[in-house]
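The structure appears below as C-alpha cells.
For ligands, and for the atoms within them, numbers begin at 1 and follow the listed sequence.
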Amino acid sequence: MKTYKVALVPGDGIGKEVVPAGRQVLEALAAADNTFRFDFEHFDWGGDYYRLHGAMMPADGLEMLKSKDAILFGSAGDPHIPDHITLWGLRLKICQGLDQYANVRPTRILPGIDAPLKRCRPEDLDWVIVRENTEGEYSGAGGRVHQGLPIEVATDLSVMTRAGVERIQRFGFKLAQSRQRKLLTLITKSNAQRHAMVMWDEVAAEVAKDFPDVKWDKELVDAATVRMVNRPASLDTIVATNLHADILSDLAAALAGSIGIGPTANINPERQFPSMFEPIHGSAFDIMGKGLANPVGTFWSAVMMLEHLGEPDAARRLMQAIEHVTANTRLHTRDLGGAATTVEVTSAVCAEVAVTARSPLATA
Ligand code: IPM
Ligand code: MG
C-alpha cells in the first residue's frame, strides 16, 4: 500500500478548524479506498508559535517540510501580529523557499450554490487562474530609507525575471492545453507599466508558439474585472502576475458564490520540493473558534492534492462527494446563507466518501 507523507500546517484562525476537517475527510477516503494511506505530521506554526518563539516557524522549518510528499495548509494571520510578519514568516516563506511558483486556483459554481451574477449559468463560469507565486509584486525587494523622518522613502519593487515569467506562462499554456476549451487569457498592464509588463507580454508571444493548439488573448487587468462579470464564458485559463491574480482570484471566488469554497494549489511543477494545498479564504478571525467555517475550500484543495499525488480516482470521488454535499442547501455554512457547522459538513462529506468507495457505481 502506498503511503503519502503529508505535513499539516493549520496556521491561524479558522485554519485550525478546516485543516483537521480536511484530515478527517482524507482519512475517510483512504480507509474506503484501501490502496493508499496517509502519514500525517502536524506542525503548530503560526501566531501562537510566534508568541512563544519570536518566529512563525523554526529556522529549519523548510527542511522539515522537504521530506514530505505534500503540505496541507490552513491560513496565516493573527489579529495581534502585523500581517506582513505572519505572511512573510510562514506562507510566503514556504512558497518561495520550496519554489512553488505555480499557484493554481480553479473556480466553478458548485451544485446548490447561489452565485450572485444574474445571467451567469454554472456552465458559463469554469476558470482556472494561474498565479505567478514567487516574484513580481511579491518579490519582497525594496525597503525604507530615512525611516520615521519627514523625508522617508519606501519602495516595493516588482521583480520579474525572464526565467520566472517564462516558466509560469509555460505552465499556464500546458494547463490550458489539457483543458477542453484550450483557451488562455494573459492578464497584463503593459499600457501603464512599460518595462516588466512589456517583457511579460513578449515572453507570452514566444511561449505561445510552442502551443499552436491553444487559442490565447491578452486582457488588461482592469478590463479583466469587467469581462469576468459581463462575459464569464469568454474565459477559461487565466494567467497573471502575483498581485493581479491575487485580486482577480478573490473576485472569481465571490462570483462563484463564496470565498469559503475556493481552493489553491501552490505547485512546484518539477517536484523538486513538495507542493502545498490550501483554501483561499484566509484566517477569518470574525468567525474563528465558533465552528462556522466552511471546510469546502479545504476539501477541494485536498482534491487538488490527490491529483498532484497521482490519485486521480480518489480525487474524483472526493470531488463528487463535495458536490453532493453542496447540492444540499441544508448543509450550507453561514457564508453560503445556511446554518450548517463545520462538523456537519465534514461528517456529510465523510459519509459520502464512504458510500462511493471504489464500488462499481462510483466510477460509473
Ligand atoms: C491569498 C491571500 C494572501 C496573498 C494574503 C494572505 C497575503 O490573499 O492567498 O490570496 O495575498 O497572497
Ligand atoms: Mg488573496
Given D83, L92, D246, N266, which has its nearest heavy atom closest to atom 2 (C) of ligand 1?
D246

Relative to the Mg ion (ligand 2), which of the N, O or S atoms in D246 is the closest?
OD1

Atoms in ligand 1 with a heavy atom of R105 nearer than 4.0 Å:
1 (C), 9 (O), 10 (O)

Proximal atoms of ligand 1 relative to L87 (non-hydrogen, under 4.0 Å)
7 (C)

Any non-hydrogen side-chain atom of W300 less than 4.5 Å from a side-chain atom of P106?
yes

Short N or O distance, E278 and ligand 1, threshold 3.5 Å exclusive:
no

Kindly indicate whether the side chain of Y101, heavy atoms from C-beta on, has any atom under 4.5 Å from the side chain of R167.
yes

Nearest non-hydrogen protein atom, atom 12 (O) of ligand 1
R131 NH2, 2.9 Å

For K93, look at atom NZ and say whether over 12 heavy atoms of other residues, nucleotides or ligands are found less than 6.0 Å away.
yes

salt_bridge(D78, R51) N-O dist < 4.0 Å:
yes

Measuring from I267:CD1 to C95:SG, what's the distance to the nearest 0.5 Å?
11.0 Å

Could you walk me through whether R131 and T264 pass the side chain to side chain contact (heavy atoms under 4.5 Å, CB included) test, one step at a time?
CA-CA 10 Å; R131 169 180 182 183; T264 299; over 6 Å; no

Testing the 3.5 Å rule here: is there a donor-acceptor pair between the side chains of S139 and E137?
no

Between CG of L186 and CE of M197, what distance do you get to the nearest 0.5 Å?
7.0 Å

Does even one non-hydrogen atom of H281 get within less than 4.0 Å of ligand 1?
no

Can I280 be said to touch ligand 1, with heavy atoms closer than 4.0 Å?
no

What atoms of ligand 1 come closer than 4.0 angstrom to any heavy atom of R91?
9 (O), 12 (O)

Tell me: protein heavy atom nearest atom 11 (O) of ligand 1, and distance?
Y138 OH, 2.6 Å

Compute the shortest N/O to N/O distance between S249 and ligand 1 and return yes if it is under 3.5 Å, no if not.
no

I need the contact type for H84 against ligand 1. Using non-hydrogen atoms and a strict under-4.0 Å cut-off, is it side chain, backbone, both or neither?
neither

